[in-house]
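Here is the structure we will look at.
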Amino acid sequence: MNFKRPRGTADILPEDQPYWGHVYDVASKVANQFGYHRIDTPTFEDTNLFERGVGNETDIVQKEMYSFEDHGGDLITLRPEGTASVCRAYIENGLHNLPQPVRMYYAAAMFRYERPQAGRVRQFHQFGVEAIGDASPEVDAEIIELGWKYIADLGIKNVTLRINSLGDAEGRADYINELEKYFLSVADQLPKVDRDRLTRAPLRVLDSKAKETQALANAAPKSIDFITGEAKEHWEALLALLDNLEEVYPDFSYKVDHRLVRGLDYYNRTVFEFEPSDVSGSQGTLIAGGRYDPLMGILGGQETPAIGFAGGLERLILELKKLELPVPSSKGPEVVVVTLGGAGSAGAALASGLRAASVSTVLAPKRSMKAQMRFANQQNASNVVILGDREVENGIASVKSLGEGGGQAEVSLDAASIAAHVLASGNQ
RNA sequence: GUGGGCGUAGUGAAGAGGUUAUCACGCUAGGUUGUGGCCCUGGAGACGAGGGUUCAAUUCCCUCCGCUCACCCCA
């Protein structure tokens, strides 16, 4: 009986690491460009944080959380998303005392008990950003710009940005009422999935995948027609700011989509999503976010406006692979040390000396010379240093460059000389 | 939770109710005594599990398990 990884988890093998390194590197680079600082929160939290923060009625809380009682009797949950934790940390650590807004980002594993499929696993990874403590539409635009730039810097083109406003809590009830009324009036034309949805979450009928529903949803009442006052001003200001972005970034564009809604309870006003334009995959959303002004209050903090997004790294990597986009490849060592005969220990000593001199060095396995050369080649090494009894005796090592038409040189057998030789040829 | 597809070496594939299960890549050892990539020759390595039908099952049937895709949901 062999052990297998749990369903919905993945081993990220060395060969896949270039993709992961790339999505993490670009994430931190772009976040820093916008003045966002990294925050790490615990992998698990009090179950109650998510029940309150994510919303007790959501599927995430109802059937997807990894929850357990620990040995002290506390109810613990592996985080299914990042925003609730960041807000908890903001409140707990008194980050409202910092200059506002506080700009933070995270990149970490999340856990949801779901049926795995393309672009969806049980342990998955998100890059998320949050700007807390500023209600102005400029911050909305900034977050959207950040998300767009992240995707663009990864090299992914042809993404569609859809945006909508859910308005504030006050006006929302009226809107949902109207929406329900409308869908009920055409209920006989809805497929049963959507009739069920209508009783459960009327907003979600809007983004149904069913063809029959989509035509009806297009004609449904729009939330942006129900928003008033500050929320309306906010929305219009945001659209103007996005128009500016179109001038700065030639490829940037957005589409107001009144059928865009969110699954989590805490969102208000601005919501948005980035997804590939060629809607092939069903789990297509690469980045999704929005404003969540009510959340801080829900979690027991002071009312504090905030907005953020989260992006699925697995989905981004899937897209990178689909588009066959290049990612920085892992480099081989600068030196592989090949030893023959009784030179084994001299080789090990030389390898240590080279590493001490900051030259990446790998010792070839003790096999035939041919096998060791082949090993060096497979490691993608820049050079081999050949060390046999002859060399040890004469105090001279053969240093061979493995590149195209690389030559071979005799170098004095000491780490400093070899390091200098290797670094000099590497810099040419 | 619901519904489809699929389970043969590490990977990708082929195969037949009946002796030793095939191929490619990969791995590994060699091919003149100390020089990689190309080429050649060896070697290791597999029928997901259980039950049934049959003289005989890896092949047909059933169950389970696993993988995968979609719905649902969501990043």
Side-chain angles (χ1 to χ4, degrees), chain A residues 1-2 4-8 10 13 15 23 54 57-64 79-83 106-128 147 150-151 191-194 196-197 200-201 204 207-210 261-264 272-275 280-290 308-319 332 336 338-341 343 364-365 367-391 398-408:
Chain A
M1 178 56 146
N2 289 321
K4 306 178 84 163
R5 63 176 181 269
R7 186 166 167 79
L13 301 175
E15 63 180 37
V23 294
V54 177
E57 304 312 310
T58 60
D59 274 23
I60 291 179
V61 170
Q62 287 289 308
K63 41 191 188 189
E64 295 183 357
R79 64 175 164 221
E81 59 104 46
T83 300
Y106 58 85
M110 309 290 162
F111 306 84
R112 291 181 200 173
Y113 185 85
E114 299 184 279
R115 288 286 287 270
Q117 68 185 77
R120 192 174 79 183
V121 285
R122 291 180 174 177
Q123 177 177 166
F124 64 106
H125 300 77
Q126 286 188 330
F127 164 51
Y150 178 49
I151 291 175
K192 60 178 173 301
V193 240
D194 285 317
D196 294 348
R197 235 187 304 241
R200 226 172 46 241
R204 302 222 57 113
D207 68 349
S208 170
K209 280 176 191 163
V261 294
R262 304 272 65 206
L264 280 51
F272 62 93
E273 274 188 20
F274 291 91
E275 65 183 10
S280 57
S282 54
Q283 308 295 323
T285 304
L286 298 174
I287 284 181
F309 72 67
L313 299 186
E314 280 82 0
R315 291 184 187 179
L316 259 351
I317 288 173
L318 232 42
E319 197 64 18
V336 163
V338 169
T339 61
L340 300 158
R367 301 208 198 109
S368 72
M369 174 146 202
K370 188 192 196 86
Q372 293 189 59
M373 291 299 292
R374 207 178 278 148
F375 171 84
N377 202 49
Q378 287 160 339
Q379 296 294 303
N380 230 307
S382 313
N383 303 277
V384 287
V385 173
I386 298 165
L387 216 51
D389 297 325
R390 215 152 70 197
E391 284 78 8
S398 299
V399 181
K400 177 173 176 140
S401 166
L402 287 185
E404 290 276 323
Q408 191 160 330

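Nothing here was measured: the structure is a model prediction, and the numbers come from that model. Below, chain A is the first sequence line, B the second, and so on; all start at residue 1.
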ask   = What is the nucleic acid contact for A:R112, judged by heavy atoms within less than 4.0 Å: base, sugar-phosphate only, or nothing?
value = base

request  = Classify the nucleic acid contact of A:L316 as base, sugar-phosphate or nothing, counting any heavy atom under 4.0 Å across all strands shown.
outcome  = nothing

B:C74 base / A:Q117 side chain donor-acceptor hit below 3.5 Å = no

inquiry  = Go nucleotide by nucleotide along RNA chain B from the 5' end; which of A:P6 and A:A210 gets its closest nucleotide reached first?
reply    = A:P6

ask   = If we take the P atom in both B:U59 and B:G1, what is their distance in whole Å?
value = 30 Å

task = Measure from the side-chain N and O atoms of A:R315 to the backbone N and O of A:G119, and report whether any donor-acceptor pair falls under 3.5 Å.
result = yes

Base B:U35 to side chain A:Q408, donor-acceptor N/O within 3.5 Å cut-off = yes

ask   = Just checking A:Q378: base, sugar-phosphate only, or nothing, at a heavy-atom cut-off of under 4.0 Å?
value = sugar-phosphate

Identify every side-chain donor-acceptor pair in residues 383-390 of chain A under 3.5 Å, counting partners at least two apart or on other chains, and give the distances.
residue: A:N383; atom: ND2; partner: A:E334; partner atom: O; Å: 3.1
residue: A:D389; atom: OD1; partner: A:G342; partner atom: N; Å: 3.0

Just the atom pairs and distances: protein N or O near nucleotides 2-13 of chain B's N or O, under 3.5 Å.
residue: B:U2; atom: O4; partner: A:R115; partner atom: NH1; Å: 3.0
residue: B:U2; atom: O4; partner: A:R115; partner atom: NH2; Å: 3.2
residue: B:G3; atom: O6; partner: A:R115; partner atom: NH2; Å: 3.4

task = Compare all side-chain heavy atoms of A:F375 with those of A:V338 and state whether any distance is below 4.5 angstrom.
result = no

query = A:E64 versus A:P80: any side-chain heavy-atom pair under 4.5 Å?
reply = no

message = Please give the distance between the P atoms of B:U58 and B:U19 as a whole number of Å.
response = 12 Å

message = Does A:R120 contact B:C72 through a side-chain donor or acceptor facing the base, at a distance under 3.5 Å?
response = yes

task = Under the salt bridge (charged side-chain N to carboxylate O under 4.0 Å, His left out) rule, collect the residues that match up with A:E273, sequence neighbours excluded.
result = A:R162, A:R262

message = Does the structure show A:F124 stacking with B:A75, if we require the centres to be closer than 5.5 Å and the planes to be within less than 30 degrees of parallel?
response = yes

query = Expressed as a whole number of Å, how far does the P atom of B:G48 sit from that of B:A21?
reply = 15 Å

ask   = When you compare B:C60 with B:A16, how far apart are their C1' atoms, in angstrom units rounded to a whole number?
value = 13 Å

inquiry  = Between B:U32 and B:A14, how far apart are the two P atoms, rounded to whole Å?
reply    = 38 Å

ask   = Touch check for A:G119, heavy atoms < 4.0 angstrom, all strands: base, sugar-phosphate only, or nothing?
value = base

inquiry  = Working note: A:Y106 + A:F127, criterion ring-ring contact (aromatic ring centres under 6.0 Å, His included); need CA distance, chi angles, decisive distance, verdict.
reply    = CA-CA 6 Å; A:Y106 58 85; A:F127 164 51; 7.7 Å; no

ask   = Once you round it to whole Å, what is the distance between C1' of B:U32 and CE of A:M369?
value = 15 Å

note = When A:K63 and A:E314 are each assigned the nearest nucleotide of RNA chain B, the 5'-most assignment goes to A:K63

request  = Report yes or no: is there a donor-acceptor pair, N or O only, under 3.5 Å between the side chain of A:E64 and the base of B:G1?
outcome  = no

query = On the ring face of A:F111, is A:R79 found with NZ or CZ under 6.0 Å from the centre and within 45° of the axis?
reply = no

inquiry  = Under 4.0 Å, heavy atoms only, any strand: does A:R5 hit a base, just the sugar-phosphate, or nothing?
reply    = nothing

inquiry  = If I pick the P atom on B:G50 and the same atom on B:G43, what distance separates them, to the nearest angstrom?
reply    = 30 Å

ask   = Checking all strands, does A:V336 fall into the base, sugar-phosphate, or nothing category for heavy-atom contacts under 4.0 angstrom?
value = nothing

Distance between C1' atoms of B:C27 and B:A9 (Å, rounded) = 11 Å

message = Once you apply a heavy-atom cut-off of 4.0 Å, does A:L313 come out as touching a base, just sugar-phosphate, or nothing?
response = nothing

query = What integer number of Å spans the P atoms of B:A24 and B:G66?
reply = 35 Å

